[in-house]
Amino acid sequence: GQNIDQPTEMTATEGAIVQINCTYQTSGFNGLFWYQQHAGEAPTFLSYNVLDGLEEKGRFSSFLSRSKGYSYLLLKELQMKDSASYLCAGGYNFNKFYFGSGTKLNVKP
Amino acid sequence: DTEVTQTPKHLVMGMTNKKSLKCEQHMGHRAMYWYKQKAKKPPELMFVYSYEKLSINESVPSRFSPECPNSSLLNLHLHALQPEDSALYLCASSQEKGTKNEQFFGPGTRLTVL
């Protein structure tokens, strides 16, 4: 729902930086969440953006541009444990959440 | 206590069985959610409860019946399910209804319908 698009899969090297992009439909949009999900586990919260700009939290940063319907998650100093799926999720109207299909990140040595 | 718990972790049931999934949180959150997640797909919202009242039903078939006995508990009653209902069922909670609130997810119940 809400045309939340993100790449299916990405590969990066340990210690590197990777950027995972997400685009979304702007009509009725409230805010943008990023979640990490390891295989077979529940999603865990990474970040939430409601205003334009960059939010930094340790090795993870998230950016939002409301006018462009665009967000990205930036992961620095990649570690092997960062191999997981990263879900972009949009909050719409008052109570509706829609997840993107997720980006599977493979971190290689 | 900052976690959402779900029981059982795994459930196998036949198409004629009746079973229930349970979810519990003690963070004082007033909104609780059920999601369904198929393999390699994102979670799909099923139901939202706000202050123990059902506020959203995303056109879910009646063989799934949610119940919120109190502010800490959320159940999902299952009856006459189909094999295609096999999935990971995730419960989540947030401080309040509304899309500005982080959702905390439980570990999920992996359901197999034979």
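Proteins get letters first, then strands, A, B, ... in listed order; numbering begins at 1 in each. Small disclaimer: the values here were computed from a predicted structure and weren't measured.
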- Message: Pair B:Phe105, A:Tyr35 - check ring pair (Phe, Tyr, Trp, His ring centres under 6.0 Å), show working.
- Response: CA-CA 10 Å; B:Phe105 282 85; A:Tyr35 283 85; 5.4 Å; yes
- Message: Nearest 0.5 angstrom please: A:Ser101 OG to B:Lys40 NZ, how far?
- Response: 13.0 Å
- Message: Hydrophobic clusters here meaning ILVMFWY residues chained together by side-chain heavy-atom distances under 4.5 Å, can you tell me if B:Leu54 and B:Phe64 are in one?
- Response: yes
- Against chain A, label B:Glu58 side chain, backbone, both or neither, depending on which of its atoms sit under 4.5 Å from a heavy atom there. side chain
- Item | Path from A:Leu54 to A:Val18 over hydrophobic side-chain contacts below 4.5 Å | no
- Message: With a 3.5 Å distance limit and no angle check, can you tell me whether A:Tyr98 reaches the backbone of B:Leu45 through a side-chain donor-acceptor pair?
- Response: no
- Query: Would you say B:Met46 and B:Val113 are hydrophobically clustered, going by side-chain heavy atoms of ILVMFWY under 4.5 Å?
  - Reply: yes
- Message: Quick one, B:Pro43 and A:Leu87 - any side-chain contact, counting heavy atoms below 4.5 Å?
- Response: yes
- Message: According to a hydrophobic-cluster definition based on side-chain heavy atoms being under 4.5 Å apart (Ile, Leu, Val, Met, Phe, Trp, Tyr only), do B:Met13 and B:Met15 belong together?
- Response: yes
- Task: Please report the C-alpha distance between A:Phe45 and B:Gln103 in whole Å, then the side-chain angles of each, then the deciding distance to 0.1 Å, and finally whether the side-chain contact (heavy atoms from CB on, under 4.5 Å) criterion is met.
- Result: CA-CA 7 Å; A:Phe45 172 79; B:Gln103 293 186 13; over 6 Å; no
- Assess whether atom NZ of B:Lys38 is packed by more than 12 heavy atoms of other residues, nucleotides or ligands within 6.0 Å. yes
- Task: Verify the cluster assignment for A:Val107 and A:Leu73: are they in a single hydrophobic cluster under the rule of side-chain heavy atoms below 4.5 Å apart?
- Result: yes
- Query: At a heavy-atom separation under 4.5 Å, does B:Pro107 approach chain A through its side chain, its backbone, both, or neither?
  - Reply: backbone
- Query: How many angstroms lie between CD in A:Glu41 and CG in B:Leu90, if you round to the nearest 0.5 Å?
  - Reply: 11.5 Å
- Message: For B:Gln37, which atoms come within 4.5 Å of any heavy atom of chain A: side chain, backbone, both, or neither?
- Response: side chain
